[in-house]
Amino acid sequence: MKVEFAVSILLFFLLSLVLSQHFHYIGLKTKTKRILKRLQLRWDDMHCSMDHLIYFIQLPCHNVTIKQLQRSDFYIKKDYSSLLFPTITGLRIYAASKSGEDTLIAYLGLDKPSLPQLSEFLWNGTMTQQEAELINVYKALHPSTSAEILDEVYRTIHKT
Amino acid sequence: MVIVSLLFSALLAVVINYFRFLSDLPRNRLIFCAAVLVMMTVSAKLTDTDYLYVAMFLFVIVCAFSFSVRGGLLGALVSIPVVMWSSHGFHWQQIAFLGVGYVLVGLISGVYWQIFRRESLRAFRAQNHLFRQAKDLSIVRSIGTALQSTLDIDRIIHIILTAMTAGHGLGFNRAMLFLLSDDGQYLQGKTAIGSLRAADVIDIWKSTSRDKLKLEDYIEHEDDAAEANKALIEHIRKIAIRSDSEHALAKVIEDRQPMILHSNDPKFRMEGWFDSLVDLGQVAIVPLVHKGEMLGIIMVDNHFSKQPIDNADLERLLPLANQAAMALQNAALYHKTQEMAITDGLTGLHNQRFFEEMLSTIYNSTRRTQMPLSMLVLDIDYFKNYNDRNGHLAGNELLIKLAAILKQSVRKEDLTFRFGGEEFIVLLSSTSKKDALNVAEKIRKRIEDTEFPFEEVQPNGQLTISIGVASFPEDKDRPRELFEAADQALYTAKRSGRNQVVGYKEGEPA
């Protein structure tokens with residue numbers, strides 16, 4: 001019976017590890033909806049500011065290899081700090097390369113506020129810093145934001 | 001029962017992981033630890049195993065992972081009664097050994113995770129520091145490129161202050177520039193970027209993030225920035241601080257060192273209108289120094305975000321301040337050189353070269369607007385005699401004095417030139433011939449009535465001038481012909497006895 005016992009424990013931990021990031025996202029979503037409802041804010045009004053995007057390539061970009069890449073060659077990798085208690089610290093934007101070694105193009109840190117719509121509520125005290133950070137992270141993880149960020153990076157690289 | 005155990009573990013994992021993320025982090029960890037304990041205890045019962053005591057080591061490690069050393073020790077303490085409750089005939093000595101084992105594992109794993117977390121945090125901070133440096137480098141590169149494209153002082157200032165305040169730049173809420181006066185006596189508020197009130201920042205940030213403006217966009221839209229920052233700029237321009245005073249800004253000028261301080265600092269409180277710089281809190285002040293020359297200071301603050309300013313921020317500000325100082329000094333030098341190239345060194349009037357350049361430009365402008373343009377050509381009567389009798393130094397002094405009178409006798413928009421040794425030209429824009437003749441007569445009379453040193457040696461016993469006047473469109477409609485007409489009128493004045501004003505007349509002998 002000890003094998004079955006060990007397998008039960010393993011199953012529990014495995015599922016926890018695999019599901020943690022997914023449920024972390026759902027938790028953020030639920031809490032965000034609650035806060036936005038309280039403040040009577042609409043999700044569509046949240047525009048993510050790209051102020052804090054840091055580029056690791058020279059701009060304007062003259063690197064032919066990078067400029068030749070398609071929009072679909074760029075992808076985002078999330079910087080999680082822990083598997084069991086995931087905390088996301090930033091988003092790394094990579095450009096896929098045929099040689100296999102992808103290039104780190106840009107990084108968006110989540111330690112600074114990037115949603116100006118929330119600044120008013122922070123300023124007048126109707127929202128706490130933790131709540132603002134929570135919404136900030138959720139916004140960064142949202143699929144629409146990922147698309148926005150990749151579009152922004154692609155546009156910046158092709159700007160003359 | 002085995003299947004039930006597996007199902008139970010799976011279900012518990014799903015349910016617990018859903019609910020724990022709805023809480024804050026400490027509660028999340030607590031829920032997980034409790035879930036692990038429940039899962040192990042129930043699974044042990046369902047699979048009818050004696051090895052719960054082994055699994056409790058894992059539980060202790062999970063507690064240590066969640067709450068460091070304290071968690072590990074608490075986990076160990078909880079494990080002992082659990083094992084006692086579920087044990088199958090363990091002797092008390094065995095339980096005691098197990099207890100010691102749990103405590104040791106709790107302690108060691110707690111310390112391990114503590115060190116691991118500390119190192120991870122250190123690595124994270126180092127990474128952040130590097131990323132920040134990368135961003136700062138990118139800003140310096142962008143600004144360098146922008147600065148190279150201009151020698152206009154106002155534009156240079158706009159570029160630097162934008163780099164300090166834009167989100168894509170250093171991200172301070174406000175930046176204010178104070179320049180040292182030419183005599184070095186005063187630090188005068190020149191311009192600023194940011195809002196007077198903290199609440200105004202919100203609207204600005206909303207619109208810029210909606211429009212997805214970048215650093216280059218902020219730099220390009222200089223006029224929009226001027227309008228947005230109007231209130232703050234007007235406020236700043238009222239501020240003038242004596243550079244030898246005890247004020248903090250003056251101290252930065254004296255010491256040439258940057259500083260961070262709070263506006264409550266007694267060194268900062270000076271004159272009511274400085275305090276009325278709304279919401280001023282903590283500020284960083286950096287000097288603008290290039291090649292040993294002090295140009296002014298830049299002051300930044302975070303009156304809206306209230307983000308504290310530290311020495312790392314000063315380090316980020318200094319490269320931009322140094323670039324600003326260099327660009328400002330280069331621009332000033334360029335303008336000075338330009339000024340010297342078009343200025344007569346002796347009298348301070350414009351020189352002949354500038355006259356040649358400007359004549360067509362002004363002429364074309366007046367033709368477009370169809371406004372009249374008049375030209376006066378002046379010549380000092382018997383100047384050679386004055387020079388020969390009194391010496392060239394006295395001659396120079398006379399020219400300087402006469403030039404000053406000339407400048408005072410015309411409007412700001414009129415241009416005065418030294419054309420030759422003792423010949424001068426005045427261009428009167430939007431002035432008819434009749435008015436030009438009046439102006440010329442006024443100048444002639446002033447010169448006649450002014451006492452000049454050694455003028456008694458002149459043939460008339462006083463210094464006089466002769467003036468020729470011609471106008472567009474009345475007399476001529478080409479610039480070169482206008483000059484020749486005025487010059488011809490001057491010669492008529494000379495032939496007619498000097499010390500008079502003559503207007504050009506068509507048909508008069510040259």
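Every chain is numbered from 1 and lettered A, B, ... according to where its sequence line falls, protein lines coming before strand lines.
Using a 4.5 Å cut-off between heavy atoms, Ile57(A) touches chain B through its backbone atoms (N, CA, C, O) alone. If you measure heavy-atom distances from Ser43(B) to chain A, the contacts under 4.5 Å come from both the backbone and the side chain. Interface remark: Leu137(B) contributes no atoms to any contact with chain A (heavy atom separation under 4.5 Å). Heavy-atom distances place both the backbone and the side chain of Ile9(A) under 4.5 Å from chain B. When heavy atoms are compared at a cutoff of 4.5 Å, Phe13(A) approaches chain B solely by way of its side chain, counted from C-beta outward. Contact of Gln127(B) with chain A is made through the side chain alone, with heavy-atom distances under 4.5 Å. Neither the backbone nor the side chain of Gln130(A) comes within less than 4.5 Å of any heavy atom of chain B. Heavy-atom distances place the side chain of Met39(B), and not its backbone, under 4.5 Å from chain A. For chain B, the nearby part of Ser82(A) is the side chain; its heavy atoms alone come within less than 4.5 Å. Of the two parts of Thr30(A), only the side chain, counted from C-beta on, holds a non-hydrogen atom closer than 4.5 Å to a non-hydrogen atom of chain B. For Thr145(B), no part lies near chain A; criterion is any non-hydrogen pair under 4.5 Å. Contacts of Phe8(B) with chain A are absent, with no heavy-atom separation under 4.5 Å from either backbone or side chain.
Applying the 6.0 Å contact sphere to OH of Tyr80(A) captures more than 12 heavy atoms from other residues, nucleotides or ligands. Counting heavy-atom neighbours within 6.0 Å of Glu101(A) CD, excluding the residue itself, gives a total of 12 or less. Annotation for Tyr94(A): atom OH counts as buried by contact number, over 12 foreign heavy atoms lying within 6.0 Å. In this structure, Tyr75(A) places its OH atom where more than 12 heavy-atom neighbours from other residues, nucleotides or ligands lie under 6.0 Å away.
For chain A, the option among Gly171(B), Ala44(B), Ala134(B) with the highest count of heavy-atom pairs below 4.5 Å is Ala44(B). Taking chain B as the reference chain and counting heavy-atom pairs below 4.5 Å, the highest number among Leu134(A), Ile26(A), Thr89(A) is found for Thr89(A). No other option in Phe32(B), Tyr18(B), Phe124(B), Phe131(B) has as many heavy-atom pairs under 4.5 Å with chain A as Phe131(B). Between chain A and the residues Val54(B), Leu58(B), Leu7(B), Ile16(B), the most heavy-atom pairs under 4.5 angstrom are made by Leu58(B). Among Val62(B), Asn28(B), Asn128(B), the residue making the largest number of heavy-atom pairs under 4.5 Å with chain A is Asn28(B).
The backbone N or O of Phe85(A) lies less than 3.5 Å from no partner atom in the side chain of His24(A), so there is not a single donor-acceptor pair. At distances below 3.5 Å, not a single donor-acceptor pair connects side-chain atoms of Lys135(B) with backbone N or O atoms of Leu170(B). Here the side chain of Asp73(A) pairs no donor or acceptor atom with the backbone of Ala96(A) at under 3.5 angstrom.
One side chain, Ser8(A) or Ser5(B), offers a donor N or O that lies under 3.5 Å from an acceptor on the other. Side chain to side chain, Tyr55(A) and Thr156(A) meet the donor-acceptor criterion of an N or O pair below 3.5 Å.
With Phe23(A) as the aromatic partner, Arg20(B) does not meet the cation-pi criteria of under 6.0 angstrom to the ring centre and within 45 degrees of the ring axis.
Closest non-hydrogen pair, Tyr102(B) versus Val60(B), comes out as O-CG1, 3.6 Å.
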